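First comes the structure, then the notes that go with it.
Index from 1, following the sequence. Here the structure is a predicted model, which is why all the values come from computation and not from measurement.
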Amino acid sequence: MSENVVHLHKDTIPAGPTLLTVVPEPAPSAPVPLWVRSGRAVNTAVTHENTKTAARAVARHGLYIVGGARIVGRRTWDGKTTARYERFMRAAEAAGDMDAAMEWEERAQRYRDARHRRRMDLLHSPVDAAKGLAVGTGTGIGSLVALGIVMAIATKDVSDVVTPLMAVVKFINLMITIVQVVWGPLVSLGPFLALLALWAVGSKQQAAPQWALPANVRSGEGEPITPSIVVKALRDLGVPALRNAIKEMGDAGASMLSPIVIAGCGVEVDVTLPSGVSTVEVQQRRRKLAENLSRHEHEVFITIPTAARTVRLWVADSGALDEPIGPSPLVTDDTMTADYAKGRAPWGQDLRGDAAALSLYQRHLLITGLSNQGKTASLRALALWAALDKRIEFRIADLKGVGDWAMFDGLATVLIQGPTDEHVIEATEMVEDALDEMNRRIEARRLDPGAVFDPLICIVDEAQVAFMCPAVDDDKRPYGGSKATSRYFMGVRKIHNQGRAVDVLMWQGTQDPTDQNLPKLVREGAHTRASLALGTESQAVMALGEKAVNGGAAPHLLRQGLDKGTLVVASDGIAIPKGQSALTVRTHYIDDDEAKAITARAKAIRDGVTTLHSIERAEERDPLADVFDVMGDAERSYTQDIIKRLTILNEDAYGGWTFGDLKRVLEAAGVEAYKSHGRMTVRRDDVARAISDHDAEGSASASE
């Protein structure tokens with residue numbers, strides 16, 4: 001261990017005890033070698049942004065010359081050969097336009113004939129030029145001599161005869177002198193002028209790699225969509241057959257495109273793909289296509305129109321989809337009314353910027369999407385418009401229960417709010433009551449085919465809670481699930497089957513669809529299916545159907561959290577462009593205060609509605625005890641007499657009973673009916689013993 005020595009002069013030591021802290025002298029650091037410092041400096045200089053910018057600038061301007069030479073060479077070759085006609089001909093053949101291909105072939109042949117004539121003329125031109133020069137020279141000299149003679153006669157000086165001829169000779173000599181003086185610098189500057197011309201062509205066409213271009217050009221943010229940009233984007237999509245076909249077409253790749261038209265906050269163009277290229281191959285590369293177009297993935301939509309081998313591209317203006325679309329007409333126009341049969345609910349705007357309105361007439365509705373994407377707001381916006389038609393009755397179950405539908409209190413005849421199993425039971429009974437009303441209307445329509453009914457809309461928000469409910473009733477029938485024994489599932493399914501005909505409609509909103517929380521038969525029973533952002537393509541198929549997704553509908557490509565309120569709709573109740581299977585709609589957002597104002601207007605046009613917040617259940621009875629009571633003191637009773645007495649006892653509970661219902665109750669209790677004189681009979685003692693055994697079992701269970 002090294003020692004730390006401190007030398008102190010005696011005069012510097014203070015009197016008294018002193019605590020000295022010895023601080024070791026720091027060891028001298030080793031000097032950094034010069035070559036290391038130089039290397040660091042060089043590395044810093046090389047990696048500095050200014051150095052990179054300068055290197056890119058040098059490379060860019062050099063490559064402009066190379067690119068310009070390539071462009072000029074290509075143009076020269078096109079001008080001297082039939083290459084241009086060949087490209088146009090191949091493009092027409094790839095597009096299947098044989099008439100255009102034949103026309104370009106004829107033009108190419110005419111060009112070849114004209115070129116052949118020019119070449120044949122060149123063979124005879126030297127002789128013709130010599131003859132012309134001889135004749136011209138002789139004629140010219142003769143003319144100059146004649147002019148000189150005239151001048152000599154006029155001036156009476158014989159020497160003027162050659163004056164015109166000598167003037168011409170001096171002029172020619174002057175031209176030769178000028179050429180001799182200028183030729184040297186011209187030869188020296190010629191290559192530089194040629195390079196400057198090539199640089200100008202390359203600079204104008206941005207004929208350099210992307211990495212060498214300036215940052216503002218390289219990003220292409222907001223770059224307008226032109227035919228050449230679309231063709232390049234398709235060429236670089238990574239589809240070999242498409243790339244090769246466009247390469248053969250050259251600049252004529254634009255023949256694949258329809259005119260680019262303005263469509264709302266973007267542009268739209270149809271692309272007819274070459275033979276051998278599937279529309280699916282383009283659809284599956286949506287992100288790459290968007291990036292090739294200098295757009296984000298959510299700013300490019302690919303749909304399949306009716307034309308074969310054609311994809312329709314809608315490309316948004318950069319950043320346009322992140323801007324709000326404005327308030328709903330329901331908010332801005334307090335005089336708006338609704339007509340369920342003939343009107344359309346103002347829901348939002350499509351990507352073109354046109355108003356998107358939905359017809360609700362006799363259409364079951366399903367809206368799904370991930371949590372917190374605007375599902376309830378989208379569903380509620382339709383109900384708010386429908387509420388302005390006073391004929392419509394609402395029965396609503398909000399299984400989230402946070403007050404999103406509270407403004408319908410006093411407007412809906414039933415309003416259930418809460419997420420518990422008890423609320424699911426009440427919602428199920430609400431649906432079953434709507435089913436009973438549907439059956440009553442069907443029976444009335446059978447008796448009177450001209451019967452007309454007011455619309456009844458049954459709304460269940462957060463329906464996945466009902467499908468996933470584990471509760472069972474007294475008969476062991478589950479409320480949730482997707483089996484034939486599920487009460488909620490079967491109620492919704494039966495309304496889907498026949499409710500539309502008598503204006504009993506089912507609207508459901510659900511989260512994150514799966515086969516468990518949204519059974520197939522239920523989701524396919526909805527006439528209008530809409531979806532907000534989803535996680536996977538399989539969920540998109542569940543939400544909208546396979547046909548819509550195959551046609552380009554892609555709610556799974558919407559951005560979670562950023563595209564709130566944007567949904568994809570598959571319905572015949574909304575105007576969808578011809579050839580498309582779905583429409584993307586940006587819905588208007590109506591907040592709670594605005595919704596309360598709209599429902600206040602809806603309440604003002606009605607006579608007053610009493611809202612039930614729970615379903616009144618029938619009195620719970622013990623069928624076995626009632627059987628024992630109606631048998632009285634008789635030792636035995638016929639089953640038909642028991643059923644009649646039960647009906648008299650409580651018609652609501654037993655009015656529809658048959659022998660099968662009575663047999664089920666008796667067999668469950670262990671009581672067996674038997675025949676006596678050809679009629680089914682029940683012993684009173686057997687019923688009493690079954691009741692006693694049931695009470696004993698209940699007491700034992702309670703004691704445990």
Side-chain angles (χ1 to χ4, degrees), residues 345 347-348 358 360 363-387 392 394-408 412 414-419 423-424 426-428 430-431 434 457-469 480 488-489 491-493 495-496 499 505-514 516-520 522-535 539-540 542-545 555 558 560 563-571 573-574 585 587-592 595:
W347 211 6
L358 179 69
L360 307 178
R363 289 179 176 88
H364 302 301
L365 176 67
L366 171 65
I367 298 180
T368 187
L370 298 177
S371 177
N372 196 32
Q373 296 302 300
K375 170 180 51 61
T376 296
S378 301
L379 182 62
R380 191 177 68 181
L382 298 176
L384 289 171
W385 178 82
I392 296 179
F394 291 98
R395 299 182 186 180
I396 301 173
D398 175 16
L399 299 182
K400 185 188 297 180
V402 295
D404 289 334
W405 296 85
M407 67 287 300
F408 279 81
V414 177
L415 179 59
I416 300 166
Q417 301 180 89
H423 292 103
V424 171
E426 292 181 347
T428 302
M430 178 190 77
V431 172
I457 299 179
C458 189
I459 302 175
V460 179
D461 195 9
E462 305 296 342
Q464 76 279 355
V465 178
F467 285 112
M468 300 298 289
C469 179
Y488 180 80
F489 169 77
V492 172
R493 181 64 184 148
I495 292 176
H496 278 177
L505 304 180
M506 193 76 211
W507 291 7
Q508 294 183 98
T510 183
Q511 288 183 13
D512 200 11
T514 65
Q516 289 70 40
N517 63 27
L518 187 59
K520 180 179 180 181
V522 168
R523 62 181 184 248
E524 291 185 349
H527 303 98
T528 295
R529 299 166 72 173
S531 175
L532 294 109
L534 290 173
Q539 288 181 321
M542 292 180 187
L544 300 178
L558 295 173
Q560 183 177 1
D563 289 327
K564 286 186 177 182
T566 299
L567 46 76
V568 183
V569 188
S571 171
I574 197 168
V585 177
T587 59
H588 297 294
Y589 176 69
I590 303 175
D591 63 30
D592 289 350

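Between Asp512 and Gln464, the side chains place no donor N or O within less than 3.5 Å of an acceptor N or O (distance only, hydrogens not considered).
Note: Phe394 and Phe408 have perpendicular aromatic rings, judged against thresholds of 30 and 60 degrees for the angle between ring planes.
With hydrogens and angles ignored, the 3.5 Å screen pairs no side-chain donor or acceptor of Arg363 with any backbone N or O of Thr528. With hydrogens and angles disregarded, a donor-acceptor distance shorter than 3.5 Å links the side chain of His527 to the backbone of His364. Under the 3.5 Å distance criterion, the side-chain polar atoms of Gln539 are matched with a main-chain donor or acceptor of Gly535.
Ile459 is listed as a side-chain neighbour of Leu379, based on a closest heavy-atom distance under 4.5 Å. Between Cys458 and Leu505, the closest side-chain pair of non-hydrogen atoms is not below 4.5 Å. In this structure the side chain of Leu567 never reaches within 4.5 angstrom of the side chain of Ser531, judged on heavy atoms. With a 4.5 Å cut-off on side-chain heavy atoms, Thr428 and Val431 do not count as touching. With contacts defined as side-chain heavy-atom distances shorter than 4.5 Å, the pair Glu524/Arg529 qualifies. Ile457 has its side chain within reach of Ile392: a pair of non-hydrogen atoms, C-beta onward, lies under 4.5 Å apart. Here the side chains of Met506 and Leu365 are not in contact, with every heavy-atom distance at 4.5 Å or above. A 4.5 Å side-chain heavy-atom check between Val585 and Thr566 finds every atom pair outside the cut-off.
With sequence neighbours excluded, the residues that form a side-chain hydrogen bond (donor to acceptor under 3.5 Å, both in side chains) with His423 are Thr420. Residues meeting the side-chain hydrogen bond (donor to acceptor under 3.5 Å, both in side chains) test with Arg493, sequence neighbours left out: none.
Summarising the geometry of Gly525 relative to His496, their closest heavy-atom pair is CA-ND1, 3.6 Å, with the distance given to 0.1 Å. For Leu366 against Ala526, the heavy-atom pair with the smallest separation is CB-CB, 3.7 Å. Across all non-hydrogen atoms, the minimal contact from Leu534 to Gly369 is CD2-CA, 3.6 Å. Scanning both residues, Pro419 and Val465, for their nearest heavy atoms gives O-CG1, 3.8 Å. Of all the heavy atoms in Thr587 and Gly565, the pair that sits closest is OG1-O, 2.6 Å. The nearest pair of heavy atoms linking Thr376 to Lys400 is OG1-NZ, 3.8 Å.
For the atom pair CG of Asp398 and CG of Asp404, the computed distance is 5.5 Å after rounding to the nearest 0.5 Å. Atoms CZ and CG, on Phe489 and Leu518 in that order, are 10.5 Å from each other to the nearest 0.5 Å. Atoms CG and CE, from Leu415 and Met430 in turn, are 9.5 Å apart once rounded to the nearest 0.5 Å. With rounding to the nearest 0.5 angstrom, the CZ atom of Arg523 is 11.0 Å from the CG atom of Leu544. From Gln511, atom CD reaches atom CG of Asn372 across 9.0 Å, with rounding to the nearest 0.5 Å.
Checking Tyr488, Trp507, Phe467 one by one against Val460, the side chain to side chain contact (heavy atoms under 4.5 Å, CB included) holds for a single residue, Tyr488.
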Exercise for the section: Would you please test Ile590 and Leu384 for side-chain contact (heavy atoms from CB on, under 4.5 Å) and show each step? Expected result: CA-CA 9 Å; Ile590 303 175; Leu384 289 171; 4.0 Å; yes

Exercise for the section: Before giving the answer on side-chain contact (heavy atoms from CB on, under 4.5 Å), spell out for Thr510 and Gln508 the whole-Å C-alpha distance, their side-chain angles and the decisive distance to 0.1 Å. Expected result: CA-CA 7 Å; Thr510 183; Gln508 294 183 98; 5.9 Å; no

Problem - Working for side-chain contact (heavy atoms from CB on, under 4.5 Å), residues Val414 and Ile396 - result: CA-CA 6 Å; Val414 177; Ile396 301 173; over 6 Å; no

Problem - Stepwise side-chain contact (heavy atoms from CB on, under 4.5 Å) test for Ser378 and Trp347 - result: CA-CA 8 Å; Ser378 301; Trp347 211 6; 4.2 Å; yes

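The salt bridge (charged side-chain N to carboxylate O under 4.0 Å, His left out) pairs that include a residue from residues 368-383 are Lys375-Asp461, Lys375-Glu462, Arg380-Asp592, where partners are two or more places apart or lie in different chains.
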